[in-house]
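So you know, we letter chains A, B, ... as the sequences are listed, proteins then strands, and number each from 1. All values below were derived from every heavy atom in this structure, side-chain atoms included, with hydrogens, water molecules and symmetry-related copies excluded.
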Number of protein chains: 4
Amino acid sequence: MKPEKRRQQILDCAKKLFSTNGYYSTQISDIIREADIARGTVYQYFSNKDDIFITLLEDYYQKWQAMMTDWAEKVPLATISPREYLRERIFINLQFFAQDADLCNILLRMGLGLPGHLDSVSRRFEERILAVTVNDLKLGLHNGHISPKLDLNLAAHLFTGALLQAAYAYFGRNADIQEPVDMERAADQIAGIFAGGIFV
Amino acid sequence: MKPEKRRQQILDCAKKLFSTNGYYSTQISDIIREADIARGTVYQYFSNKDDIFITLLEDYYQKWQAMMTDWAEKVPLATISPREYLRERIFINLQFFAQDADLCNILLRMGLGLPGHLDSVSRRFEERILAVTVNDLKLGLHNGHISPKLDLNLAAHLFTGALLQAAYAYFGRNADIQEPVDMERAADQIAGIFAGGIFV
Amino acid sequence: MKPEKRRQQILDCAKKLFSTNGYYSTQISDIIREADIARGTVYQYFSNKDDIFITLLEDYYQKWQAMMTDWAEKVPLATISPREYLRERIFINLQFFAQDADLCNILLRMGLGLPGHLDSVSRRFEERILAVTVNDLKLGLHNGHISPKLDLNLAAHLFTGALLQAAYAYFGRNADIQEPVDMERAADQIAGIFAGGIFV
Amino acid sequence: MKPEKRRQQILDCAKKLFSTNGYYSTQISDIIREADIARGTVYQYFSNKDDIFITLLEDYYQKWQAMMTDWAEKVPLATISPREYLRERIFINLQFFAQDADLCNILLRMGLGLPGHLDSVSRRFEERILAVTVNDLKLGLHNGHISPKLDLNLAAHLFTGALLQAAYAYFGRNADIQEPVDMERAADQIAGIFAGGIFV
DNA sequence: TATGAATGAGTATTCATTCAT
DNA sequence: GATGAATGAATACTCATTCAT
């Protein structure tokens, strides 16, 4: 089998198991059973268990960043209203998290509370999402769409917390909201709730 | 030493360590060193490590519930406006989480992603907060303060996610927002952001 | 059982096994089987396998040093002839190594050729024996008992190599010389061989 | 590449690595990296890791034996004095060990203390050197050059131990004696030290 | 012959829990 | 109640060796 394929196979199995059972309750034994490979094979592709976990999160982070960059280039900033911009931003993020329930799960629940070096990887993701949001709010303030009285940092936390919670509720394993998601409508709703409180 | 005091001492030390290092990176050895007691003593008061963790979260949950019940009895529902009600609700919750950075940390970060029986304890807390919020929203809908078009469940998730994220950012260990918190102002801001999008 | 006794018990079993099978072929499993204790017990007294090995060698080294210091204080330097001094020195060393075949074995054979941090421990022992010998020779040169033409460093290596080889041949496991050793006679012989070549 | 050359290449790399890091700390991975060949290729030429190690020592032993036989044929036993004979014997051995620091190292340090089947290979070498020496001494005794009071076996051990220690000190890796070796002078010194004690 | 991905038996180490004192 | 020495199941990781290509 091609190395790259084998590597991906391990990542896929690990992803599923980490998402279902958490980091510590997922044993290397579980991964090799799931992937139907030998013990040593895992260590041909990853230096240790941490490495698998970190790789999963890093890859997911890269994808998210690529998605955001891509969107930022396409969005017609000149013609779009702040409210439409907000709505689009919510939408693409929901869309992104909807793609992979397991990674959504790992990122939004699992990563947090892990010891040091693992925790920091998922924390970085969260920090980045926050930073992007703060940036957007600053731009809105500069353009006069946002009241100077708004605490931008707090608002970013609220928005991020709300968005990730929604993503997890919709798309995570054991999702709280089980009905098939109408993401267009969800984005409308979320934008509707925040627009009134954020824009002048 | 009085039994009850010894028990509390163990809980206090465990709380600090769980909050700092997470569940798996906190060993019984760490707890007994911190509490300066013998290994076996822990098992006089708790049946196992899980029991300590669960006790911490359950106690915290009980306190939160008591606080909420207490407040519900005192709040002058007849005279208060929906917006003021929202603002007060935010305020008392911020106040609650502000009391204990360690438990705030454990609840909002650590508990999530732990295997089965531990995860479910912190999940229950979260679910309860959600349920209370959904209830309030239903009441608001019934009283005509909220548009029938609002997705109550989604709104509750957004609100809860935002509130907990803010609580963690303000009060958790390694809090993102370091300045001394003016909770009155924070409650105003949060209420301000959500009021516009939620109330008709 | 008293901790110190248990610790010694582990050292004794490990000594025997290391001496018989070498460092790498001695498993922790072998040690606990031999000592009839549980797996974890080893790690209550030693941080790892290396630690046991190093402790054995360090203790042996300490004993040797104490023996040498002790002897140096007692030997009547003023009245003894160089040749008698040499003979005594050989004798006490033979006597020392005769006490413990296993440690003799570990030091003189096993330690050599182990990776880095383990090797250095036994190397230190060897270096010390050499240094003591060089010192003695220098003293002899200063007092006019030794020809200035003698290469002191080389002579020390020859003497040390010969002495340790003899010790190992007499006392090591699988000793080459099996008859019960008459150490007095052996010391006479060794002194006899070296005296002629070393003293003027 | 010619098969024989490939085989030699593996032996050369293994020799260097064994000498530097010891038997257990030298991995097959290290050897193939050093030799820049594929994993499986090693097993085309050697049946396993032991085989490489044993081959190195056996080859070295063969060379030594050839050298000794060669010398025995050339040495003018009829005209040479016992002391000159001793001196020559020391010289050719020093010369032999000087040729290859790595093999000198492996033989004199590494081999010892390895488990069973590996240990015995290097032990055989040592035993052979001893046997040759005992033989020589017996001949000397028979010819009246050596006192009947000398313990031949012990003397052989002393001489061999001294000689090998000197060889290692001069030629082994991390040699204790760093100056460029004047082997003629060294042989004179060693012969000088032993002659007085051995010959009548 | 040469390759290198795959193998899996082997091993040190951890750590929650027990129980005799 | 309190102690802490002893326990042993559990687990990550290693590395010589194989074999299909």
Side-chain angles (χ1 to χ4, degrees), chain A residues 1-7 9-10 24-32 35-52, chain B residues 1-3 6-7 23-33 35-52, chain C residues 1-7 9-10 24-32 35-52, chain D residues 1-3 6-7 23-33 35-52:
Chain A
M1 187 180 286
K2 281 199 190 144
E4 194 43 46
K5 199 178 159 196
R6 183 55 52 109
R7 191 184 136 94
Q9 178 194 14
I10 294 169
Y24 281 102
S25 295
T26 297
Q27 263 77 274
I28 293 290
S29 304
D30 299 328
I31 296 174
I32 63 171
D36 194 32
I37 55 173
R39 241 191 161 60
T41 305
V42 171
Y43 294 90
Q44 293 250 345
Y45 296 94
F46 301 94
S47 50
N48 51 39
K49 191 174 150 184
D50 285 7
D51 190 23
I52 305 177
Chain B
M1 187 181 289
K2 279 193 192 152
R6 178 70 41 116
R7 189 185 136 95
Y23 179 77
Y24 281 102
S25 295
T26 298
Q27 263 79 275
I28 294 290
S29 303
D30 298 327
I31 296 174
I32 63 170
R33 195 185 315 116
D36 196 29
I37 56 173
R39 211 170 194 72
T41 306
V42 171
Y43 293 87
Q44 301 266 352
Y45 297 96
F46 301 94
S47 52
N48 51 37
K49 188 178 159 184
D50 286 6
D51 189 23
I52 304 177
Chain C
M1 187 179 287
K2 280 195 189 147
E4 194 44 45
K5 200 180 159 195
R6 182 56 48 110
R7 190 186 136 94
Q9 178 194 14
I10 295 170
Y24 281 102
S25 295
T26 298
Q27 261 77 275
I28 293 291
S29 303
D30 299 328
I31 296 175
I32 63 169
D36 194 32
I37 55 173
R39 242 191 157 60
T41 305
V42 171
Y43 293 89
Q44 292 248 346
Y45 296 94
F46 301 94
S47 50
N48 50 39
K49 192 175 150 184
D50 284 8
D51 190 23
I52 304 177
Chain D
M1 189 180 288
K2 280 192 192 153
R6 181 66 47 116
R7 190 185 136 94
Y23 179 76
Y24 281 103
S25 295
T26 298
Q27 264 80 272
I28 294 289
S29 303
D30 298 327
I31 297 174
I32 62 170
R33 196 184 315 117
D36 196 29
I37 55 173
R39 215 172 190 72
T41 306
V42 171
Y43 294 86
Q44 301 268 352
Y45 297 96
F46 301 93
S47 52
N48 51 36
K49 187 178 159 184
D50 286 5
D51 189 22
I52 304 177

Distance-only criterion, 3.5 Å: show the donor-acceptor pairs between side-chain atoms of residues 37-44 of chain C and protein atoms not counting sequence neighbours.
{"from": "Arg39(C)", "atom 1": "NH2", "to": "Ser29(C)", "atom 2": "OG", "distance (Å)": "3.0"}
{"from": "Thr41(C)", "atom 1": "OG1", "to": "Ala38(C)", "atom 2": "O", "distance (Å)": "3.4"}

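- For Tyr24(D), the ring-ring contact (aromatic ring centres under 6.0 Å, His included) partners two or more places apart in sequence, or in a different chain, are Tyr24(C).
- Interatomic distance, Gln27(B) CD to Ile32(B) CD1, rounded to the nearest 0.5 Å: 11.0 Å.
- A search for side chain to side chain contact (heavy atoms under 4.5 Å, CB included) contacts involving Asn48(A) returns Asp50(A), Asp51(A), not counting sequence neighbours.
- Helical stems involving DNA chain E, defined as 3 or more consecutive Watson-Crick or G-U pairs under 3.5 Å, span E:2-21 with F:2-21.
- Atom C1' of nucleotide dG1(F) and atom CD1 of Ile37(B) are separated by 12 Å, given to the nearest angstrom.
- One distance of note links CD1 of Ile31(A) with CD of Gln9(A); it measures 12.0 Å at 0.5 Å rounding.
- Between the P atom of dC15(E) and the OH atom of Tyr23(B) lies a distance of 13 Å, rounded to the nearest Å.
- At whole-Å resolution of the value, CZ in Arg7(A) and P in dA5(E) are 14 Å apart.
- As rounded to whole Å, 12 Å separates atom C1' of dA9(E) from atom CD1 of Ile32(A).
- The CG-P distance, from Asp51(C) to dA12(E), rounds to 15 Å in whole Å.
- At distances below 3.5 Å, at least one donor-acceptor pair connects side-chain atoms of Lys49(D) with backbone N or O atoms of Tyr23(D).
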Nucleotide-resolved protein contact map, nucleotides 11-21 of chain F, B/S/- at heavy-atom distance under 4.0 Å: SBBBBBBB---
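- Arg33(B) places its CZ atom 17 Å from the C1' atom of dT3(F), with the value rounded to the nearest Å.
- Put simply, NZ on Lys5(A) is 14 Å from C1' on dA5(E), counting in whole angstrom units.
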